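Everything below concerns the one structure shown next.
If you read the sequence from its start, that first residue is 1, and numbering goes on from there. Note that the structure is predicted; figures quoted are calculated from it, not measured.
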Amino acid sequence: MAPSFLSFVSLYGIYLRRCFATSGLTSQFIDIDDHTTIHLWAPNPDHQTPQQQKPALLLLHGFGPSAMWQWRRQAQFFSPHFHVYVPDLVFFGDSTTKSKERSEVFQADSMGKLMEKLQVKKYHVMGTSYGGFVAYHMAKLWPEKVEKVVIASSGVNMRKADNMELLQRANVENVEDIMLPETATQLRTLTRLAISRRFTMVPDFFWKDVVNQLYSENRNEKLQLLKGITLLAGDDSCKLPPLQQDVLIVWGDKDQIFPLKMAHELEELIGKKTRLEIIQNTSHVPQIENSTQFNNIVKNFLCGSS
């Protein structure tokens with residue numbers, strides 16, 4: 001591993017922290033119970049006044065680096081309009097637990113407890129990819145607290161057959177070879193599937209730096225999280241209970257992790273108060289590839305009437 005002062009990832013991490021700080025967010029650690037501690041970026045409670053009352057928005061990141069790396073542009077965009085909460089899910093970033101639970105339902109329960117500890121009574125939830133799984137369960141667990149729901153690039157309706165097709169597209173045997181890369185080659189494969197642009201000229205030492213800095217921690221626990229996803233535990237028929245809330249689904253038209261056909265099916269399954277927005281020329285991370293369009297679509301949904 002390169003020394004931190006030679007690491008682009010370390011230097012960019014400093015920039016990201018400054019972006020969150022200048023957006024009015026502070027790094028905080030919250031013990032939600034005797035077993036679990038959540039790290040998050042959130043408004044400083046000491047700096048809030050009654051005149052600053054705004055709706056609350058919880059951002060749930062996908063499988064990969066910590067929340068700071070996935071939601072920077074959304075934290076900057078939404079902070080003037082919402083009280084934004086950006087936690088690291090358990091075993092990502094600095095969030096930890098002694099619990100043996102490893103499902104996305106456990107993640108949802110942890111995020112709900114977090115918002116209770118923060119004394120946030122009602123809030124919108126937006127989750128991308130794995131975070132979309134968590135957002136879906138939060139909406140089911142706390143319909144009286146979760147208001148509107150945004151599910152971005154998240155195959156909540158994924159069947160075992162969809163998982164097999166993903167492995168074929170990636171030309172790998174196990175999903176962890178995609179979602180938990182250990183080598184530059186594996187990270188190149190993930191990037192090819194997740195981002196519409198190509199990075200053919202990027203040297204291996206850069207990819208290795210990313211793997212070492214962003215994918216190496218808590219690898220065994222993250223592998224258990226992948227195996228613990230309850231939505232993939234059933235048969236090959238999708239029996240997804242609908243949600244009560246207004247739901248926005250946002251998808252990239254070139255997504256190769258969860259192809260666009262899954263977005264259309266999810267729109268039909270998840271409830272009558274659901275709409276789908278497709279962002280052209282983006283893949284699995286439209287919130288990064290076309291953050292301007294993504295942010296405006298979400299803001300219009302959250303600020304509009306039901």
I'd like to know if the side chain of Gln76 and the backbone of Cys19 have a donor-acceptor N/O pair within less than 3.5 Å.
no

Return yes if a side-chain donor-acceptor contact under 3.5 Å exists between Gln256 and His284, otherwise no.
no

Using side chain to side chain donor-acceptor pair (under 3.5 Å) as the criterion, point out the one residue from Asp109, Asp31, Thr97 that pairs with Thr36.
Thr97

Salt bridge (charged side-chain N to carboxylate O under 4.0 Å, His left out) test vs Lys261 passes for just one of Glu268, Glu165, Glu267, namely Glu165

Shortest non-hydrogen contact from Arg73 toward Ser291
CD-OG, 3.4 Å

Which class fits the ring pair Trp41 and Phe20: parallel under 30°, tilted 30 to 60°, perpendicular over 60°?
tilted

is_close_aromatic(Tyr123, Tyr85), centroid dist under 6.0 Å:
no

How far apart are the closest heavy atoms of Asp33 and His35, and which atoms are they?
OD1-N, 2.8 Å

Examine the side chains of Asp209 and Ser7 and answer whether a donor and an acceptor come within less than 3.5 Å of each other.
yes

Are Leu166 and Val285 in one and the same hydrophobic cluster, where Ile, Leu, Val, Met, Phe, Trp and Tyr link if side-chain heavy atoms are under 4.5 Å apart?
yes

Heavy atoms only: give me the nearest Gln70-Gln287 pair and the separation to one decimal.
O-CG, 4.0 Å

Tell me whether Leu214 shares a hydrophobic cluster with Ile14, the cluster being built from Ile, Leu, Val, Met, Phe, Trp, Tyr side chains joined at under 4.5 Å.
no

Salt bridge (Lys or Arg N to Asp or Glu O under 4.0 Å), that's the test. Do Glu116 and Lys121 meet it? Break it down for me.
CA-CA 7 Å; Glu116 287 181 349; Lys121 296 181 179 180; over 6 Å; no

Write down the atom of Pro87, the atom of Ala67, and the distance for their closest heavy-atom approach.
O-CB, 3.3 Å

Centroid separation under 6.0 Å, is that true for the rings of Phe133 and Tyr136?
no

State, with a plain yes or no, whether a side-chain heavy atom of Thr183 is found less than 4.5 Å away from one of Val211.
no

Can you classify the ring geometry of Phe82 versus Phe78 as parallel (below 30°), tilted (30 to 60°) or perpendicular (above 60°)?
perpendicular

Thinking salt bridges, do Arg219 and Glu221 make one under a 4.0 Å N-O criterion?
no

Do Phe29 and Leu58 land in one hydrophobic cluster if side-chain heavy atoms of ILVMFWY residues count as linked below 4.5 Å?
no

Test side-chain contact (heavy atoms from CB on, under 4.5 Å) applied to Met115 and Trp142, step by step
CA-CA 11 Å; Met115 299 306 276; Trp142 292 286; over 6 Å; no

Using only heavy-atom distances, determine whether the side chains of Ser99 and Glu101 contain a donor-acceptor pair under 3.5 Å.
no

Heavy-atom pair of closest approach, residues Ser153 and Thr128
CB-OG1, 4.4 Å

Full working for side-chain contact (heavy atoms from CB on, under 4.5 Å) between Met158 and Ile229:
CA-CA 11 Å; Met158 192 175 192; Ile229 295 176; over 6 Å; no

Report yes or no: do Gln293 and Asn290 form a side-chain donor-acceptor pair below 3.5 Å?
yes

Does the side chain of His39 come under 3.5 Å of the side chain of Ser27 through a donor N or O and an acceptor N or O?
yes

Between Pro65 and Tyr215 the two heavy atoms that sit nearest each other are CD-OH, 3.5 Å

Quick one: is the NZ or CZ of Lys222 closer than 6.0 Å to the six-membered ring centre of Phe63, and within 45° of its axis?
no

